[in-house]
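Below is one structure, written out as structure tokens; comments come after it.
Chain letters run A, B, ... following the sequence lines, proteins first and then strands; every chain starts at 1.
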Amino acid sequence: MEQYNPKAVEEKWQKIWKEKKEFEPKGEKNLPKKYVLSMFPYPSGKIHMGHVRNYVLGDVFARYYRKEGKNVLHPIGWDAFGLPAENAAIQRKVHPKEWTYKNIEEMRKELHRLGLSFSEEREFATTDPDYTRWEQEFIIKMYENGLLERRTQKVNWCPSCHTVLANEQVIEGQCWRCDSQVEIRELPGWYILITKYAEELLEDIDKKLKGKWPERVLIMQKNWIGKSVGLKFQFHFTEESWCKLNSKFEGFEVFTTRPDTIFGVTYTALAPEHPIVDYLLENHLLSPEVEEKVRKIRAIPPRERQSREKEGVYLGIDVLHPLTGQKLPVWLANFVLVEYGSGAVMAVPAHDQRDYEFAKKYGLPIKYVIKPIEGELPEDSAYTGDGILVDSGEFTGLDNQTAKEKIIEKMEELGLGSREVNYRLRDWGISRQRYWGTPLPFIICPKCGIVPEKIENLPVTLPDDVEITGEGNPLANHPTWKKVKCPKCGGEAERETDTMDTFVDSSWYFLRYTTDFRKFKNLPFRKEDVEYWMPVDHYIGGIEHAILHLLYARFFTKALRDLGYIQLDEPFDHLLTQGMVLKDGAKMSKSKGNVVPPSEMIEKYGADTVRFFILFAGPPMQEIEWNENGVEGAYRFLNRLWSNAEKVEKSPTKPEIDPSNLTKEEKEARRKVYQAGQRFLDIFQKELYTFNTIIAGIMEAFNALNKLDLNRKEGRKVYTEGYWVLLNLLEPFVPHISHQLSHTLFEGKNLGKVEIDSDALKSEEVLYPVSVNGKKRGEISVPVDASKEEILEKARQRVEKYLTGKEIVREVFVPGRIINFVVKG
RNA sequence: GCGGGAGUGGCGGAACCGGUAGACGCACUGGACUUAGGAUCCAGUGGGCGUAAGCCCGUGGAGGUUCGAGUCCUCUCUCCCGCACCA
């Protein structure tokens, strides 16, 4: 037999699969379906190990389900808008479009080289005008239905990318893409009102995703949405303060999650950017010293304030406590956030750590209104636990949880406040002041205001003749592109020159795949196709998308549902977040110089070896360490698999085996083969996905086969049967070598649904460990049908020396498991 | 600080419902073949003691429950990840 030549084998099968269109989904809608999707890549031009792991995992699922006879949709596409294309344009003077489509070509080739079973007819790039056309329609519909608006507000500005970022894209004050320090600017922009779906997005986490998505992703999303329930109420100014403010402000609103501590309020605090502070400054109502202090605090960016000490100043105005009528000072405090709640708080230093520190610093009174049920109030901090109310008027004596409710009710009854739900989630800013993105299909008319582009004029496409310098917005700088007639009045107007965040593009691509859209051009996707294929059964991707992409995609699905496009609440049924591929304990990156290019590894060992190693190195969720020795090990196994195939007796049918003629070793080998098969099925069906242990089982069975005496006719039959089964099990993991061997040995007839010979799994002998007082002292092998008494007798003999002179207090016999004698003396 | 996850040989990792800890692979050691081997094959490989049979110890640490604990409970240490002045 020839030597194992992975390159030749792999290229051969990749060609066959491509020619036969082996991996296209079938049109028949009565077949049971599985939709397997790995998150689509940004076409940077080169694949990295993270991609390899991502797509190989998806491929394993896809191939498994095809084996099971399912109709499988396993598509690929390109998340192709984005800044790197513009950076390339600046650095290398290539047009973003040219650069992008060239990269797609290259990456498609590299992925193809891995033998991934993708559908080709469903492939597209988000930059295709066919795709942007529908996205623009969705955006217009959202606008018409109050889910999108244009407004001017403070935004995160990345000075390096020259664009605005969504809150989700700012990580610890830095740009998610380039790590630059983000600045706050006031700019007009487009906002998707994702906050309208905050409650549903939160609810469905427990209702629909629990148990099927990794727990930590769900927790991250919950935290991001950040729901809190409490009381909203007004503080009214004292007569004097009201006059001071020229009767412009009655008071201000606060939000608290601790209405039970309302009797402990000793002061109130406003955010530095609060409108009342603005008014005080503008109208010079502060003393020079106070004004200076306020200006100083306001000069520090909110981000930076976090790390600073609590600081503030009394603003010279006072409010009245809504229940006690007590006069309370109004302070400005640097720890109050303008964007949360109403930008003002009631301060309860006794029961809130921040208020406590502030009060201590400025000598403000501290009034305790909750007493712990056990123990004492802390000496030098706030008491934030539960307890009994004291000094709280009619609520004194209640436990604080009950008091929370009662106080809210009371405030509502008196018309002083109301129950309020607050979310941390902000609206999704989708404006990007860049060229290479989907144009926002709106026209700003001096007469009519904002006017959506007419649907029949979609898509709004990008001009090809642009100059990309990195300075300013290329579309805004284009001499003619933005100059249009208003679709409504026909007058001179201007196109919106912002393009969309690329996360919009990736928020619905999985719907597009469901339809053979080259055939059905007049729709973004067919309803019946979406109904059949969605939700995605297995979605596989990196944990870095835990919030960003996954939250946006969930929102988009719900929004499109409410716009009447689909009937679906959640897009992704099961989510698998794969761990990173590390090298020398660190993420592979150019700056660390520890990148292992997949293409080199494939060239050297073949795609099957790379796939095998990645799957064997650890469970999918866990990080794995790239280890060339391990790769060698994988390569060695495939070589052995290849060269030992010559011992197999070629046959288009599985050999018939009569177990009564077999030696103990032969039976054991068969058992291991079918155990591997059983494990294979269990790991898919029980949703464990620990493919590393399937592979270990296959290796174990393979080792047992190779110990057989092949001079015996029965031995050769068992060996052949073993190959028949194991090649089938290996096929999702290492498809090329499996198909090749299967083809030459069995005419490809062994690849199909995995079937288990359950008789082969049974063993005639059972091995029992025998322990005395829980310590293993020996083992016995007994026939499966032996009686309990026979087994115990044999066990007693085996460990006799530990029993003599002792009294057996108890004999523990767990059938099929263990024997334990408890002795005394 | 809050939330989540994890600690098992020299390494990556196995261990179903509490039932032989270390499957499988890497690395290592010895041997075979060989001019040679970094190729391949065979054998060994948690630690300690012992010529051996065997004995003792062992899943971060300390307790506990149990005939029996890597697995369950309490306390504790360490590491990783996420969020972080959200009222």
Side-chain angles (χ1 to χ4, degrees), chain A residues 171-172 214-224 226-228 230-231 254-258 261 268-269 271 302 305-310 333-337 339-348 351-355 357-358 384 422-425 543 546-547 579 612-613 616-619 621-634 636-637 639-640 643 676 679 682 686 688 690 692-703 706-707 767-779 801 808-823:
Chain A
I171 318 289
E172 283 172 10
E215 191 64 23
R216 63 181 190 132
V217 174
L218 299 182
I219 288 166
M220 280 162 82
Q221 291 217 352
K222 277 187 193 173
N223 290 343
W224 187 261
K227 179 181 182 175
S228 56
L231 171 72
V254 295
F255 171 71
T256 178
T257 55
R258 293 297 305 271
T261 64
T268 66
R305 284 179 206 152
Q306 282 185 25
S307 47
R308 299 206 171 206
E309 207 187 314
K310 302 213 171 354
N334 67 343
F335 64 89
V336 181
L337 306 171
E339 71 269 18
Y340 188 78
S342 51
V345 297
M346 67 176 211
V348 185
H351 304 293
D352 182 288
Q353 190 58 30
R354 296 157 299 186
D355 300 345
E357 284 166 30
F358 194 84
T384 54
N422 245 298
Y423 298 93
R424 206 185 76 126
L425 182 71
I543 187 76
I547 296 172
F612 194 88
F613 171 73
F616 184 58
M621 301 259 271
Q622 207 166 301
E623 291 174 340
I624 56 170
E625 170 76 23
W626 185 266
N627 174 346
E628 189 121 357
N629 284 326
V631 181
E632 294 273 0
R636 204 172 303 154
F637 174 78
N639 264 297
R640 284 212 294 151
S643 53
R679 186 185 285 181
D682 284 348
K686 293 180 185 167
L688 298 168
T690 47
N692 54 325
T693 65
I694 297 182
I695 292 174
I698 292 171
M699 286 176 156
E700 201 180 337
F702 184 68
N703 291 343
N706 281 304
K707 290 202 175 96
L767 194 66
Y768 279 96
V770 183
S771 48
V772 178
N773 285 345
K775 263 195 169 72
K776 187 192 159 194
R777 294 300 182 182
E779 47 190 37
K801 69 177 194 180
I808 298 181
V809 192
R810 190 171 160 189
E811 292 177 331
V812 181
F813 172 68
V814 186
R817 287 275 180 215
I818 202 168
I819 293 146
N820 187 23
F821 296 111
V822 185
V823 298

- Phe702(A) CZ to C24(B) P, in whole Å, measures 14 Å

- Between Val809(A) and Val823(A), is any pair of side-chain heavy atoms under 4.5 Å apart? no

- Return yes if some donor-acceptor pair links the side-chain N/O of Asp682(A) with the main-chain N/O of Leu688(A) below 3.5 Å, else return no. no

- Message: Taking the C1' atom in each of U8(B) and C24(B), what is the distance between them to the nearest angstrom?
- Response: 15 Å

- Sticking with atom P, work out how far C28(B) lies from C33(B), rounded to a whole angstrom. 22 Å

- Message: Do Ile819(A) and Phe821(A) make a side-chain contact, defined as non-hydrogen atoms from C-beta onward lying under 4.5 Å apart?
- Response: yes

- For the pair Thr690(A) (side chain) and Asn692(A) (backbone), establish whether a donor and an acceptor sit closer than 3.5 Å, ignoring hydrogens and angles. no

- Query: So does Asn773(A) get a side-chain nitrogen or oxygen closer than 4.0 Å to the phosphate oxygens (OP1/OP2) of C67(B)?
  - Reply: no

- Take atom P in C16(B) and the same atom in A23(B), then report the distance between them in whole Å. 15 Å

- How would you label the contact of Glu700(A) with the nucleic acid (heavy atoms, under 4.0 Å): base, sugar-phosphate, or nothing? sugar-phosphate

- Message: Using atom C1' in both nucleotides, what's the gap between G50(B) and G18(B) to the nearest angstrom?
- Response: 34 Å

- Specify the separation, in whole Å, of atom NZ of Lys775(A) and atom C1' of G54(B). 15 Å

- Between atom CG of Asp355(A) and atom CZ of Arg258(A), what is the distance when rounded to the nearest 0.5 Å? 11.0 Å

- Name the orientation of the base relative to the sugar in G50(B): syn if the glycosidic angle is within 90° of 0, else anti. anti

- Indicate whether any N or O donor in one side chain lies under 3.5 Å from an N or O acceptor in the other, for Arg640(A) and Asn703(A). yes

- Task: Sticking with atom C1', work out how far G38(B) lies from A6(B), rounded to a whole angstrom.
- Result: 37 Å

- Query: Is there a Watson-Crick or G-U wobble partner for G3(B) with both distances under 3.5 Å, and if so, which one is it?
  - Reply: C81(B)

- Cation-aromatic face contact Lys227(A)/Tyr423(A), 6.0 Å, 45 degrees: no

- Verify whether one side chain among Ser228(A) and Asn422(A) offers a donor that lies under 3.5 Å from an acceptor in the other. no

- For the side chain of Thr693(A), starting at C-beta, report the closest nucleotide among G68(B), A15(B), U20(B). A15(B)

- Task: Please measure how far the P atom in A21(B) lies from the corresponding atom in G31(B), and state the result in whole Å.
- Result: 33 Å

- Query: What is the base-pairing partner of G18(B), counting Watson-Crick and G-U wobble geometry with both distances under 3.5 Å?
  - Reply: none

- Of Lys801(A) and Val814(A), whose closest RNA chain B nucleotide lies nearer the 5' terminus? Val814(A)

- Query: Paired with A62(B) by Watson-Crick or G-U wobble geometry, both distances under 3.5 Å: which nucleotide is it?
  - Reply: U74(B)

- Item | A15(B) to C79(B) separation - P atoms, rounded to the nearest Å | 27 Å

- Message: Quick check: on RNA chain B, is the nucleotide nearest Asn703(A) upstream (toward 5') of the one nearest Gln622(A), or the reverse? Name the residue that is more 5'.
- Response: Gln622(A)

- Item | For atom CD of Glu215(A) and atom C1' of G5(B), their distance in whole Å | 11 Å

- Task: Could you check if the base of C42(B) is syn or anti? Syn means the glycosidic torsion is within 90 degrees of 0.
- Result: anti

- For each nucleotide in nucleotides 80-87 of chain B, reading 5' to 3', give B when a protein heavy atom comes within less than 4.0 Å of its base, S when such contact involves only the sugar-phosphate, and - otherwise. -SSSSBBB

- Pairwise P distance, C67(B) and A52(B) [rounded to whole Å]: 38 Å

- Task: Using atom types as modelled and distance alone, determine if a side-chain donor or acceptor of Asn706(A) lies under 3.5 Å from a backbone N or O of Phe702(A).
- Result: yes

- Does C49(B) have a Watson-Crick or wobble partner in any strand here, with both distances under 3.5 angstrom, and which is it? G54(B)

- Item | For atom CD of Glu625(A) and atom P of G13(B), their distance in whole Å | 9 Å

- Task: Tell me the partner of G38(B), counting only Watson-Crick (N1-N3 plus N6-O4 or O6-N4) or G-U wobble (N1-O2 and O6-N3) with both under 3.5 Å; none if nothing fits.
- Result: none

- Message: Can you tell me the base-pairing partner of C28(B)? Count Watson-Crick or G-U wobble geometry only, both distances below 3.5 Å, and say none if there is no partner.
- Response: G44(B)

- Message: Side chain of Arg640(A), heavy atoms from C-beta onward: which of C41(B), A27(B), A23(B) has the nearest atom to it?
- Response: C41(B)

- Here the distance between atom C1' of A23(B) and atom CD1 of Ile694(A), to the nearest Å, is 15 Å

- Message: Once you apply a heavy-atom cut-off of 4.0 Å, does Arg777(A) come out as touching a base, just sugar-phosphate, or nothing?
- Response: sugar-phosphate

- Expressed in angstrom and rounded to an integer, what is the separation of Glu779(A) atom CD from G19(B) atom P? 17 Å

- Task: Measure from the side-chain heavy atoms of Ala696(A) and tell me the nearest of A23(B), C26(B), C67(B).
- Result: A23(B)

- Task: Using the six-membered ring wherever Trp is involved, compare the ring planes of Tyr768(A) and Phe813(A) and label them parallel, tilted or perpendicular (cut-offs 30° and 60°).
- Result: tilted

- Task: Would you kindly give the CG-to-P distance between Leu767(A) and U20(B), to the nearest whole Å?
- Result: 11 Å

- Roughly, in whole Å, what's the span from NZ in Lys776(A) to P in G18(B)? 22 Å

- Watson-Crick/G-U partner (both atom distances under 3.5 Å) of G68(B): none

- Query: Across the strands shown, which category fits Gly633(A) at heavy-atom distances under 4.0 angstrom: base, sugar-phosphate, nothing?
  - Reply: sugar-phosphate

